[in-house]
Every structure is written in structure tokens, then in C-alpha cells.
Amino acid sequence: MTLVRIDRDGDIAVVTVDNPPVNALGQALRQGLWDAVATLDADPAVRAVVLICAGRTFIAGADVTEFGRPPQPPHLPDLVDRIEGAARPWIAAIHGSALGGGFELAMGCRFRVALDTAQVGLPEVTLGIVPGASGTVRTPRLAGVAAAVDLVTTGRPVGAARALDLGLVDAVVTGDLRAQAVAFARAALTRPLPQPVSARPVTAPDPAWWEDRRKAIAKRARGEVAPLRALDCLRAAAERPFAQAMAQERATFLDLRGSDQAAALRHIFFAERAAPRPAHLAGIDPLPLRRAAVIGGGTMGAGIVAALRDAGLPVVLIERDEAAVARGLDNLRAIFDGAVRRGRLTEPQAADRLAGVTAGCDHALLADSDLVIEAVFEDLGVKRAVFDRLGQVCRADAVLATNTSYLDPQLIARGLPDPARFIGLHFFSPANVMKLLEIVPTPDTAPAVLATGFALARSLGKIPVQAGICEGFIGNRILKRYRAEAEALLRQGVTVAAVDAAMRAHGLAMGPFEAQDLGGLDIAWLQREGARAAGQDVPETLGDILVRAGRKGQKTGGGWYDYAPGDRTPQPSAAVAALIAPQVAPAQDMPAEAIAARLVAAMADEGRAILAQGIARTPADIDLVEVHGYGYPRWRGGPMFETGLR
Ligand code: 3HC
Ligand code: NAI
């Protein structure tokens, strides 16, 4: 296949890159472009060159699949220099995404023209590396140091309009990109050419500015190294000559490329891309999803409605009675108001989101729904009654789903006229924010219904993971084991604060005990009590002792920690120490790394059991559950990857 085509529009050459799916810059493409520069440099009839891409996007970056192997020439920084030094000016014509090496190549061009729908960015830090082909060195010369620091250390792309404001692109166009870029090239040739980007000046901020940035980035990075190493490169770019800064960037890139963090982040990158389209569902068409419905407008129901509306689906919301309908709509309004406050939605967008919801208690509203998701109380009787009604009122081909956390979906489905269209869709709270969706088929679920669960995840922008049936599915089952192990450490004499600090140092936003205080200790306690009432042997936990003493978490002013009124800062609690003292060994110091290793090993061990029982399909799926459902640090790759199971 020809990865690089050259054709002409009069005296303008057009170089088209065609390397599906995302025009990644593998060795063959780099070579193809290298040769194209030589060909066009040798052609006196050519006055300028437009670099454009076929398919859905401009060059989306280096080929990440090559990162596990030694780099092969021509190296990307050399290619960028070669394009910049070409005999005729090159103009990048950008559609889709110009990311990483793709954007670096565009910066080697004399001009950049972007479609209004395009985005540009340097996402390398999200892969545990820094830009390796002048991203840290050319970007400050185009957009200034502050904007470059923002782009490179967050990895977040910017849209075309913002890119124009920042000076990252020279023109934003609509319509026929190729024609517009050729016209731009012709117009540019009538004026003196600007300096190549590498020759442009850069203004260095003072040392205090760099120190401030370093502190802010270190806080955000929580142990991730690439953003700080990127900052070092950017500082070199501002303070040293171009060639020296390039040498530092390249050395940093090659060093990080082989790091554990980069390997972990690549693992998550590919797992995330594989998740939405699992191989075992290839060729199975999902059912159409045009209209959705949610039963129950509480915490989860309202969040699920918001997620469905964000994806543009019209939604019916059913509650128990008119008062509950009003409460459900209030919950929904609160979500959209919050999005407006945070600048994620405009007022008219929020109004439109709400206007697309039909709320009521009449089940006849469900007659035309393609998908109904139940999110009522976690009570088998209540759920069974709901599905009895759904079986009567919904279309025979509608997919019926439960959001249960712990109940056996097979018991919920029992009695349905057609169990083949029933499935578990386990969202995580807040459902409109959390990326994870556990998809739980029963043995009766039809393949097309399972495929519909994955199609739903794709349209909601969620990461789907298929889970088998067991208590807690994948995520909550591992969470239970993790908490039990954390309590085992307390029983050994490690303090609550030491356990939490160890997990924060490991990269989680919170430790297991402070997280329980935030969510409430009573939820898991009620579940344990339920199991005990049903005759199961559930040993007493330390958490049970706290709940019985009225310590349910922040909402009761205390849980594992004490809280001063109006202050969410956890304070070590003498009362807790006294309550659990009879169960706890004399205080012992354990290094933070050892605490974290114990807890991670417990999670991974549960993960292995889950795999052995076929509850999860792959170790990578378990890692995705932890990263997207429970805040496990991406740069550690998840507990399975971290403990060597890949
Ligand atoms: N290298 C190799 N494969 C890549 C890739 C890359 N940079 N980017 C995407 N792919 C693959 C995906 O794995 C997927 O493969 P599959 O079809 O076999 O599962 C396929 O391309 C399509 O990817 P998406 O499903 O993500 O496609 P979307 O259309 O949803 O998104 C995109 C397109 C926005 C370009 C998105 O793929 C993306 O963000 N890619 C990563 C971009 C990136 O991180 N670039 C920086 C690379 S590092 C670098 O350039 C270093 C340099 O500084 C030297
Ligand atoms: P909630 O108590 O906030 O909301 C339940 C809602 O269901 C209430 O608004 C109630 O009025 C309504 N409801 C009850 N019976 C109904 C009926 N017959 N018809 C219509 N509406 C009815 O509970 P929450 O937290 O939203 O949980 C709902 C489900 O989601 C449960 O199964 C829970 O296990 C599960 N879940 C909860 C998560 C969480 O973090 N809260 C996370 C994932 C799943």
C-alpha cells in the first residue's frame, strides 16, 4: 500500500498521507515522507507543498505500537527538521486530530491551516512520555511559554478556534480543506515567508514562575513523572539554544519511553481502545437505540438520565408517584445546574437537556422505548415488581436492563416474558461522570442485547467491561476485598491514617478509609446486615462497630475520622481508636510501600480468582474497572498489570 501520494494542483504539490486508521507515524510512513521531501525538493516546478491526510484524521501521532521496540530511522525529529528545511514551504492541512508527532510534524511546516472541527495537541504525557520530536521546543516558539506549558504538561488538546488564538495554527477554514489549503499556499507565496518555527524567538519567564508551575504540576501529578520531566524540557526550550533544548527533549523522551510508567499507560491506552469493540462480539449487530427510559430518579437514575441526555437520546423517567417525579426532576436539574456552574454546559444547553426528558409515573410512557434501565431501590422484591410491569408495557424487542450493584440479575429477570432481552448495566456514581460501565449478561441474554450494551457504552463515551455474575461483579467484589485487607492491616496495629496515606502515596486520590467516610459506611453495612438476616455467615467488620456507634462517615460528623463542623479534613479519631481497640494489636509502624503492596496484592489476588471463575474476560478488563471505576492511578496500569499479570 502507498502510504504517501504526491499529486499537483498547478505549481502546488499535494502530499497525501494514507495510513489507516489514524495515519500514525510508523517507520514506513516516516520513510515515505522523507522520500517525498527529497522528490519535491528536486522538482523546480513546485513552489509550495500542502501536507494533507486521507481518512478520519490528520496524523494522530507516533505509532505507539513501536514504543516497545528500538527506534528505527528516519527518526521523527529528523523528519520534522527536514520538512522545515525543505526547499519549498510546506503547509499542513489539518482535519480531525493533529496530535503528538502529528502536530510536531505540522510545526515543522511553515504554515498550519485547520478545519474548524479539527483539534491539535501534545498528549504524550498521557502515555508517560514527553513529546519526542520538538513539541516542547517548537510549541513555546509558536504559542509562548505559558500556553506551551499548559498544552504539554496536561496533554489536553485544543480545538481549532483556540489553536488560532494561541498562534498554533495560522488559519481556520470550513468546507473543502484541500482547496482552501492550496489557496492559502498561493496567497502565502505572494508575501515574504515567516521564519521557520525553530528560528523564532521565545521569551523566558523568571525562575519564580517556573517554581510555581512546578508546585502546581507536582500536586496534580501525584507521582506521575512525565508532566514534571516535560516541564524541565520546556524550561530548557525557553532558556537554552534550540539544539541544546532538542537534545534534552530527545534524551528525556528515550528515557521515559522505556519506563514502567509509560508501559503502564500504554497498557491502559490499548485496553481502553479494545474495550468498546470486543472480539467475541465482532459481526453481531446491536439493536437500534433511539429512545431510552430510566426507572427511578434517585442518585443513580438521575445520573443515568443525564448521561443519556448528554449523548442526545430522548429519555422517559418513571418514578413511583408525583412527588417522587418532582424529586427526580430536581435531582436532574441539580446535575445540569452543576454542569453550568462548572462551565461544562451553557444555560440553553442545560435547558435543552431537561426538555428532552419526559417524566411521570405512568408506565404507558414506556411503550416506545428501545432501552429501559431500572435504578430503583436495591431490593429484589421492588425490582421484580418493576420488571413485571416492564414485561407487560414495553415493546417485545426492547432491551430491559438493571443497574443493581449486588443482586443476582438472574433473580431479577425471573418471570420476564423474554429473558433474552434482559441485561445488567452497572453504572458508577456519579453516572454521568464516571467512565466505567460494567455489562452483565445472564446466561439467557441474547448476543444482540449484549452487543447493544456495548453500543450504548460507545454512544455514552463510557468504557464498557463485561462482567459475569457474582456478588459485586468485578469492581465491588475487589473493593470488598480491598477494604477487608485494609481492616486486616488495622487489626495488625497499623493506623487508619497510615493506610490512607500509603494509598495516596501510591497515586489514589484517597485512601480506603477516607473514601468510606465520603461515601458513607452504612451502605456496605446494610448490605452485610441483609446477608446476615438471610442466614449468611458474614463476620463482623471493624466498620460494623463504627456504624453501630453512629459513625457513618462525614454525613454524621465522623466515621473512620472525626470532622470539625463544615470542614471535610479528616482528623485522626481517638474515639475510633477506643472503639476498635479490643480487636487491634499494639501499634506497629509499617512502611507506606509495604502497606500499598499488601493492598494491591489483595486486589490482584481477588482479580485472579475473578479471572479463574470467568467473571472477567481479561486482566486488562480488571485494570480498566479499577482505573475508571475506582480511581486507581492510570500510570500504574491497574493492579493486575502492576503485579505482573498482563
Ligand atoms: N499509534 C498506534 N495506534 C493508534 C494510535 C497511535 N498513536 N492512535 C490510535 N491508534 C489506533 C487505536 O489503537 C485503534 O486501533 P484498533 O482499531 O485496532 O482498536 C485505532 O487506532 C483507532 O483509534 P480510536 O478508537 O482511538 O479512534 P478515534 O477515532 O476514537 O480517535 C484519535 C482518534 C483522537 C486520534 C485517538 O485515536 C487518539 O487520541 N490517539 C492517540 C494519539 C496520541 O496519543 N498521539 C501521541 C502519540 S505519542 C507521540 O506522538 C510521540 C511523539 O512526540 C514522538
Ligand atoms: P436512590 O434511593 O437514590 O434512588 C432510588 C429511586 O428509585 C428513588 O428515587 C425511588 O423513589 C425510586 N423508586 C423506588 N421504587 C420505584 C418504583 N417501583 N418505580 C419507580 N421508581 C421507584 O438509590 P440509588 O443510589 O440511585 O440506587 C439505585 C440502584 O442503583 C440500586 O440498585 C443501587 O444498588 C444501584 N447502584 C447504586 C450506586 C450508588 O453509588 N448509589 C452505584 C451503582 C449502582
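Counting starts at 1 for both ligands and their atoms, in listed order.
Of the listed residues (Gly629, Ser405, Pro430, Ala431), the one carrying the non-hydrogen atom nearest atom 34 (O) of ligand 2 is Ser405. Heavy-atom proximity to atom 4 (C) of ligand 1, evaluated over Val22, Leu127, Leu25, is greatest for Val22. Taking all heavy atoms of Glu104, Arg250, Arg56 into account, the minimum distance to atom 27 (O) of ligand 1 is reached by Arg56. The heavy atom nearest to atom 13 (O) of ligand 1, considering only Glu124, Arg273, Arg277, Arg458, is found in Arg273. Nearest to atom 27 (O) of ligand 2 by heavy atom, out of Met300, Gln527, Glu438, is Met300. For atom 31 (C) of ligand 2, the nearest non-hydrogen atom from the set Asn403, Asp379, Val376 belongs to Val376. Across the listed options Pro21, Gly135, Pro20, Pro21 owns the non-hydrogen atom lying nearest to atom 11 (C) of ligand 1. Of the options Gly303, Ala375, Gly519, Gly297, the smallest heavy-atom separation from atom 5 (C) of ligand 2 is shown by Ala375.
Interface atoms of ligand 1 facing Ser97, defined by a heavy-atom separation under 4.0 Å, are 34 (C). Each of the atoms 19 (N), 20 (C) of ligand 2 lies under 4.0 Å from some heavy atom of Ile295. For ligand 1 and Gly61, the ligand atoms under 4.0 Å from any heavy atom of the residue are 45 (N), 50 (O). Atoms of ligand 1 lying under 4.0 Å from any heavy atom of Asp63, numbered from 1 in the order shown and given with element: 1 (N), 2 (C). Counting the atoms of ligand 1 from 1 in the order shown, those under 4.0 Å from a heavy atom of Leu99 are 39 (O), 42 (C). The contact set between ligand 1 and Pro131, taken as ligand atoms under 4.0 Å from a residue heavy atom, comprises 53 (O).
At a 4.0 Å heavy-atom cut-off, ligand 1 touches Pro123 through the side chain alone. Contacts with ligand 2 closer than 4.0 Å are made by no heavy atom of Thr402, backbone or side chain. Here Ile523 has no heavy atoms under 4.0 Å from ligand 2, in either its backbone or its side chain. Only the side chain of Lys383 comes within 4.0 Å of ligand 2, judged by heavy-atom distances.
By the 4.0 Å heavy-atom criterion, Ala274 is excluded from the residues contacting ligand 1.
In this structure, Glu249 contributes its side chain and Ser134 its backbone to a donor-acceptor pair below 3.5 Å.
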Salt bridge (Lys or Arg N to Asp or Glu O under 4.0 Å) for Lys435 and Glu272? Distances and angles first, verdict last. CA-CA 11 Å; Lys435 284 264 176 267; Glu272 284 172 348; over 6 Å; no
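Within the cation-pi definition used here (under 6.0 Å to the ring centroid, within 45° of the axis), Arg273 qualifies as a partner of Phe269.
The protein non-hydrogen atom at the shortest distance from atom 40 (O) of ligand 2 is Ser429 CB, 3.4 Å. Scanning all protein heavy atoms for the shortest distance to atom 35 (C) of ligand 1 gives Ala60 CB, 3.3 Å.
Contact annotation for atom 15 (O) of ligand 1: protein absent (non-hydrogen atoms, distance under 4.0 Å). In this structure, atom 32 (C) of ligand 1 has its sub-4.0 angstrom surroundings free of protein heavy atoms. Contact annotation for atom 7 (N) of ligand 1: protein present (non-hydrogen atoms, distance under 4.0 Å). Using a 4.0 Å threshold on non-hydrogen atoms, atom 18 (O) of ligand 1 does not count as touching the protein. Checking atom 44 (O) of ligand 1 against the protein gives a heavy-atom contact under 4.0 Å.
Residue contacts with ligand 2: Phe427 is placed with no nitrogen or oxygen under 3.5 Å of a nitrogen or oxygen of the ligand (distance criterion only). Note: an N/O pair closer than 3.5 Å links Glu319 and ligand 2 by distance alone. Checking only distances, Glu378 does come within under 3.5 Å of ligand 2, N or O to N or O. For a threshold of 3.5 Å applied to N or O pairs, the pair formed by Thr404 and ligand 2 contains no separation below that value. For the pair His426 and ligand 2, the shortest N or O to N or O distance does not fall below 3.5 Å.
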